[in-house]
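Quick notes on the structure that follows.
Heavy atoms only: backbone and side chains are in, while hydrogens, waters and symmetry mates are out. Values in this document were obtained by computation on a predicted structure and should not be read as measured data.
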2 protein chains.
Amino acid sequence: MGYTISQVAEKTSLSVYTIRYYDKEGLLPFVDREKGKRVFHDQDIEWIDLICCLKNTGMPIKDIRTFIQYCTDNDAVVDKGLEILIQHKHNVEQQIRDTQRSLETIEYKINHLPQMYKEKFSTHH
Amino acid sequence: MGYTISQVAEKTSLSVYTIRYYDKEGLLPFVDREKGKRVFHDQDIEWIDLICCLKNTGMPIKDIRTFIQYCTDNDAVVDKGLEILIQHKHNVEQQIRDTQRSLETIEYKINHLPQMYKEKFSTHH
DNA sequence: ATTTGACATAGAGTTCACTCTAGGCTTTAT
DNA sequence: ATAAAGCCTAGAGTGAACTCTATGTCAAAT
């Protein structure tokens, strides 16, 4: 019943340091304490998974904090949290499109590298 | 014939500071000088575009430097540059898949946020 | 002739997201 | 009873990628 910080570190592949850092930064206001020690439950892991997703898709820590604050404040504000999540979803979709465009450019450059090389660096010109 | 640093800044939407920084970091060894001032040509812009693509897809500066060094050394090593580019292409493809998975998680969480909220924060439990 | 503007360098400062150290407490094993 | 392991906090340190400041040069405009 309840995980220690190092068990959560294993489960989430975050370091213990990072989890404490996230807590310090206000990302984990929902974590319980027992005699000063953090005790994590399954729902907490779900929240941390979401936090990791947001981080991995480029949301800065302070925006994640804002999101979590909206979610923990009260029912009225959870909608604002939802709004942030939906907006971020659109950002990530755009991000995928941008990365795909970069990928196309990289593929193009792979095919044209010898030529780019010649034009610029060949002793021949 | 040839662009100034601020013209290149406009074209690439990098700042003048960033371009100088990249040069300092050895990313732009191909840029000519005239009386101490950098003079950029169209091929240089193509190289800078590639550099931006690599940066935007998460390649660290020092790896970009290595790549550029391979490309500028001599014909024998340009193949090594090509190899790096192809490897990076695979990384980016993986990165897109990862981001798509994160996106799916975010979509799932959007649908389950009210429930996650209730389970953890509702006064009712 | 002087002022303005764009360029240059060296190096300091900033921000972000960790990552680690020092020092302390508490439970468990020997 | 002492040592080891695992938790805690506060705060210092790190590395990446800029971003800016100070200072200086030089060419063109007034």
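- Rounded to an integer number of Å, the gap from B:Glu10 CD to C:dC7 P is 11 Å.
- In this structure, CG of B:Asp32 is placed 16 Å from P of C:dC7, rounded to the nearest angstrom.
- One can place CD of A:Gln7 at 11 Å from P of D:dG6, the figure rounded to the nearest angstrom.
- Atoms CE and CG, on B:Met1 and B:Asp42 in that order, are 6.5 Å from each other to the nearest 0.5 Å.
- Checked against C:dC18, C:dC16, D:dC7, the side chain of A:Lys62 finds its nearest nucleotide in C:dC16.
- Counting to the nearest Å, the C1' atom of C:dA17 and the CG atom of A:Asn56 are 13 Å from each other.
- B:Arg97 CZ: more than 12 foreign heavy atoms inside a 6.0 Å radius.
- Across D:dC7, C:dC18, D:dT19, the shortest atom-to-atom separation from the side chain of A:Ser6 is found for D:dC7.
- Here B:Lys24 lies in heavy-atom contact (under 4.0 Å) with a base.
- Minimum heavy-atom separation, A:Gly81 to B:Leu113: C-CD2, 4.3 Å.
- Where A:Lys37 and A:Ser15 each meet DNA chain C at their nearest nucleotide, the meeting point lying more 5' is that of A:Ser15.
- Other residues, nucleotides and ligands place more than 12 heavy atoms under 6.0 Å from the CD atom of A:Glu107.
- The distance between atom CD of A:Glu25 and atom C1' of C:dA17, rounded to the nearest whole Å, is 9 Å.
- Spacing between atom CZ of A:Arg33 and atom C1' of C:dC25 amounts to 14 Å, rounded to whole angstrom units.
- Note on B:Arg65: every side-chain N or O is 4.0 Å or more away from OP1 and OP2 of D:dA17.
- When the side-chain nitrogen and oxygen atoms of B:Tyr22 are compared with OP1 and OP2 of D:dC18, one or more of them lie within a distance under 4.0 Å.
- Using a 4.0 Å cut-off between a side-chain N of Lys or Arg and a carboxylate O of Asp or Glu, A:Lys89 and A:Glu93 qualify as a salt bridge.
- An OP1 or OP2 oxygen of D:dC8 is reached within less than 4.0 angstrom by a side-chain nitrogen or oxygen of A:Arg38.
- A sub-4.0 Å separation between OP1 or OP2 of C:dC7 and a side-chain N or O of B:Thr4 is present.
- The A:Thr18 side chain lies nearest to C:dT19 when the options are C:dT19, D:dC18, D:dC8.
- Out of D:dA16, D:dA17, C:dT19, the shortest distance to the side chain of B:Tyr21 is found at D:dA17.
- The CD1 atom of A:Ile5 sits 15 Å away from the C1' atom of D:dA5 (whole-angstrom rounding).
- One interatomic measurement links the two molecules: OH of A:Tyr17 to C1' of C:dC16, which rounds to 19 Å at whole-angstrom precision.
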